[in-house]
Amino acid sequence: MSLLPLEEAFANVEKGISVLSAEQVSVADCLGRVLAENVAARLTQPPAPVSSMDGYAVRAQDVLSQPVTLTRVGESQAGGPYDGTLADGECVRIFTGAPLPAGADAVIIQEDTDVFGDQITMKEVAFEGKFVRKAGLDFSEGDILLHKGRVLSARDVGLLCAMNVPWVKVFRRPRVAILATGDELVMPGEAVRESQIISSNSLMVAALVQAMGGIAVNLGIAGDTEESLRETLSGLDCADLLVTSGGVSVGEYDLVRKVLGEEGLDIDFWRIAMKPGKPFMFGHIGNKPAMGLPGNPVSSYVTAFLFLRPALRKMQGGAFEQDKPVQVILGAAVPENGVRQEYMRAVFSQDPDGNLVATPYNKQDSSMLANLAHCEGFIIRPVNAPALSAGEKTQAIYLKDAMVSV
Ligand code: AMP
Ligand code: MG
């Protein structure tokens, strides 16, 4: 059976994933969520002209030359405005953020004044608008400042508060059911017999789901029997997406495709031209998308990085996008590539000219998690790419540039 080219696999998964419904959340809980609506400011900021400095509010026309002495007639502080109107020869003590009194149109900063009781000598000239923040300097009521599809940042949280918006409509968090398969697997912390290994994929994929704003629902470990798989799958109902790991290649115990098939799985594809990660499966059970990640932890991670991450973003109303590759200089030679696009774990550094240098690990075995955790990115080796020497340019995914640190 032939291998599906990676670009086609991306396109099929993008097509097979739908956007979830929206929900209302408090601005206190909206970090990292994707806006499901445009958000308009509910007020003008600042609502009226305010001072940007501590000093004296004046009529600019009174302070066209200096020194000029004006009479202090009151005070305006943030939250405590001066109610009168400034007349000829008058000034008002003012503080940062306080409203400018009626009649005033400029501020002389306190460092440029001499104070004798209520007689204030201005030692700098004024002009209209000096040290004044105009009404609406930041934004005006009704301005749409955040648009549908935006992934909300900490700065956006600040802006929403300033806009006096306490609730926002965001796309629902995807609930992802995660199922590991294999008789040899035990959960971390359990006693491990010699023939057993620990399931690293379950919680690694769960962590990636969480980092992408999803909710991980751990269905546990299914043994390599049809009954065990069927039983574990019963927890699927509450999820928006199923992710399995292991059991999707062609081994005798690779029952995932068979059992899911009996549960109504409609397979879109299950072998892709990628390394690591050839036995990656995508399909639907009813209208629920399902991804079968390969068992080897590095294959599991790389396929989750390339397929699950953009899928989760799309489910939350964002774009199904891959991280943009960056140009790197190879720190070591790489051999000619075969018919699968390869993602090589690499450490990144900078050369004296500031160029990014990517050096692949000598060993790229897909069971090796330590160099996956320590790598800073993946060198991309396209299908049938020729051998390259150290110092040559190529493309890589720099994990530090990833949308969310995973
Ligand atoms: P499989 O695709 O089930 O044949 O698994 C391929 C390899 O990945 C085998 O060596 C498995 O032991 C290993 N593996 C499968 N599932 C996991 C998991 N959840 N965590 C770590 N390794 C796994
Ligand atoms: Mg297995």
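Both counts, for ligands and for their atoms, begin at 1 and track the order of listing. Sequence positions, counted from 1, serve as the residue numbers for this chain.
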Lys/Arg cation over aromatic Tyr343: Arg381, 6.0 Å, 45° cone: no
Any donor-acceptor pair under 3.5 Å from Glu37 side chain to Val170 backbone: no
Charged N-O contact under 4.0 Å between Lys123 and Asp114: yes
Contacts of Phe307 that satisfy ring pair (Phe, Tyr, Trp, His ring centres under 6.0 Å) - sequence neighbours left out: Phe10, Phe280
Neighbour count above 12 (heavy atom, 6.0 Å) for Lys288 NZ: yes
Exceeds 12 heavy-atom contacts within 6.0 angstrom, atom CG of Asp365: yes
Show the distances, to 0.1 Å, for all pairs joining an N/O atom of ligand 1 and a protein N/O atom that are shorter than 3.5 Å, listing one pair per line.
unit_1   : atom_1 : unit_2 : atom_2 : d
ligand 1 : 2 (O)  : Gly247 : N      : 3.2
ligand 1 : 3 (O)  : Gly247 : N      : 2.8
ligand 1 : 8 (O)  : Gly295 : O      : 3.3
ligand 1 : 8 (O)  : Asn296 : N      : 3.1
ligand 1 : 12 (O) : Glu184 : OE2    : 2.5
ligand 1 : 14 (N) : Gly295 : O      : 3.2
ligand 1 : 19 (N) : Ser199 : OG     : 3.0
ligand 1 : 19 (N) : Asn201 : ND2    : 3.4
ligand 1 : 20 (N) : Ser200 : N      : 3.1
ligand 1 : 20 (N) : Asn201 : N      : 3.3

